[in-house]
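Since the structure comes first, as structure tokens, the remarks are kept for the end.
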Amino acid sequence: GPKDHGAAGRDEYAKDLETLKYCLDHSPNVKCVSTVMYTGQIPDIKELKDAAVIVIESSGVRKAKETHAIFPQDAATDHTTYDPRTLARLEQFDALMKKGAGLVVLHYATWLDNATARKYFLDWVGGYHEDGYSKVIPSTWSMALQNESHAVLRGVRPWTMEEEVFAYERLPEDPRRTPLLIGTPAEGKPSVVSWALQRKRGGRGFVMTSMDWHKNLALEDNRRMLLNGIVWSLNQPVPPQENPFSPAESFKRFKIADDLEIEQVLAEPVVRQPVFLNFDERGRMWVVQYLQYPHPAGLKLLSRDNVWRAQ
């Protein structure tokens, strides 16, 4: 969807998807996958006929000036169904789902008010955001894993982030759905904030209701889970977590200009998580390491500011 609201750094749908696209395009362990990005609503269904998975991040349907990637804004409908042209388009999209295409839905795109849209979403991904029942909660969220053997959680560890999360989604009982993340705000009750769905006809759905702050894609576990969810929805094996290279192996992989030299002077375990270095007037190198970043030990995290400083 287009950026139709929100301050800079928030609701950056195109930037978020560009980042995920770049990661997939340059991943050494995701093979034979090509990605195409669209801004706005989904294109003509004919352009999607060979899609293995469709990833949508957009606004919901509640405001006339906003754009949902699939459905018209609810104010232009009778809240129950759609005009014949829209219904025909949705039937074509539904045919892609029945054919086995995956669907990944992020954040605000889960907000649906029309009964027909909700019916489709229950079949495609197993849940939706319902105004008056669900909540939008900006807070410091602690993300805990559930059903850890699921492939989407491969290599993912619990994490904490400052985020706006769509919580308490409408999730009717559905044996096809597997909860993956339980999020707990600083003040509030836990909520399922991510799940996976295996359709009986073979297609897959993955939902993650965070993704407001673009900066949170820099968090490894957050980013890894999103990418795992996309790959899983492609019906491809999620790559195993690779062990990090040793210092010596990492050193060999640097590409250095012909007129420069590189020398390794420190490596783990002598120094860990370096955040700053400088040289003094005697040529000595001073390194600052922050071993508890981003989770200070022994402290209750109240909030984070725009540069990720804890309070």
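We're numbering straight along the sequence, starting at 1. This one's a predicted model, so the numbers in the text were calculated from it and none came from an experiment.
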Original post:
Step by step, would you call Arg282 with Asp280 a salt bridge (Lys or Arg N to Asp or Glu O under 4.0 Å)?
Top reply: CA-CA 5 Å; Arg282 295 169 56 186; Asp280 64 17; 5.7 Å; no

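- Defined by atom type and a distance below 3.5 Å, a donor-acceptor pair is present between the side-chain atoms of Gln198 and Arg204.
- Gly126 and Arg177 make their closest contact through O-NH1, 2.8 Å (heavy atoms, listed as atom of the first residue, atom of the second, distance).
- Phe71 and Tyr82 have parallel rings, their planes meeting at less than 30° on a 0 to 90° scale where 60° marks the start of perpendicular.
- Within the 6.0 Å centre-distance limit, the rings of Tyr108 and His5 are counted as a close aromatic pair.
- Here side-chain hydrogen bond (donor to acceptor under 3.5 Å, both in side chains) pairs that include residues 84-102, with residues two or more places apart or in two chains, are Asp83-Thr86, Asp94-Lys98, Asp94-Trp124.
- Of all non-hydrogen atoms in Phe279 and Met285, the two that sit nearest each other are CE2-CB, 3.5 Å.
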**OP:** Using the side-chain contact (heavy atoms from CB on, under 4.5 Å) rule, take Asn114 and Val61 through it: C-alpha gap first, then chi angles, then the decisive distance, then the call.
**Re:** CA-CA 9 Å; Asn114 189 287; Val61 301; over 6 Å; no

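- Among pairs with a residue in residues 24-49, those fulfilling ring-ring contact (aromatic ring centres under 6.0 Å, His included) read Tyr22-His26, at least two apart in sequence or across chains.
- The backbone N or O of Lys63 lies less than 3.5 Å from a partner atom in the side chain of Gln73, making a donor-acceptor pair.
- Side chain of Thr67 to backbone of Gly1: no donor-acceptor contact under 3.5 angstrom is found.
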**OP:** Decide yes or no on side-chain contact (heavy atoms from CB on, under 4.5 Å) for Trp195 and Glu169, but give the supporting numbers first.
**Re:** CA-CA 11 Å; Trp195 65 87; Glu169 303 277 272; 4.1 Å; yes

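- Ion pairing of Glu268 with Arg272 is absent here, as no side-chain N (NZ or NE/NH1/NH2) approaches a carboxylate O to less than 4.0 Å.
- Taking the charged nitrogens against the carboxylate oxygens, Lys21 and Asp16 have no contact shorter than 4.0 Å, which rules out a salt bridge.
- Contacts classified as ring-ring contact (aromatic ring centres under 6.0 Å, His included) and involving residues 133-155 (residues at least two apart or in different chains) are given here: His150-Trp232.
- The hydrophobic cluster containing Met37 also contains Val104, counting ILVMFWY residues as joined when their side-chain heavy atoms lie under 4.5 angstrom apart, directly or transitively.
- Contact of the Leu217 side chain with the Leu226 side chain is registered, since non-hydrogen atoms from C-beta on lie closer than 4.5 Å.
- Tracing side-chain contacts under 4.5 Å through hydrophobic residues (I, L, V, M, F, W, Y), one never reaches Leu48 starting from Leu106; they form parts of separate clusters.
- Gly205 approaches Ser233 most closely through the heavy-atom pair C-OG, 4.2 Å.
- Side-chain contact check for Ser59 and Tyr13: at least one donor-acceptor pair (N or O, by modelled atom type) lies under 3.5 Å.
- Ion pair Glu164/Arg10 flagged as a salt bridge, since at least one NZ, NE, NH1 or NH2 atom sits closer than 4.0 Å to an Asp/Glu carboxylate oxygen.
- For the residue pair Glu187 / Ser139, no side-chain donor-acceptor distance below 3.5 Å is found, with atom types taken as modelled.
- Using a distance-only test at 3.5 Å, with no hydrogens or angles considered, a donor-acceptor pair links the side chain of Asp78 to the main chain of Thr81.
- The minimum heavy-atom distance between Asn216 and Glu162, with the atom names listed, is ND2-O, 3.0 Å.
- The two residues Leu153 and Leu145 have their closest heavy-atom pair at CD2-CD2, 4.0 Å.
- Tracing side-chain contacts under 4.5 Å through hydrophobic residues (I, L, V, M, F, W, Y), one reaches Met211 starting from Val55; they form part of the same cluster.
- A donor-acceptor contact shorter than 3.5 Å is absent between the side chain of Ser134 and the backbone of Asp131.
- Side-chain atoms of Tyr168 come within 3.5 Å of backbone N or O of Lys189 as a donor-acceptor pair.
- Glu163 and Val165 make their closest contact through CG-CG2, 3.7 Å (heavy atoms, listed as atom of the first residue, atom of the second, distance).
- The backbone N or O of Asp123 sits less than 3.5 Å from a side-chain atom of Arg176, completing a donor-acceptor pair.
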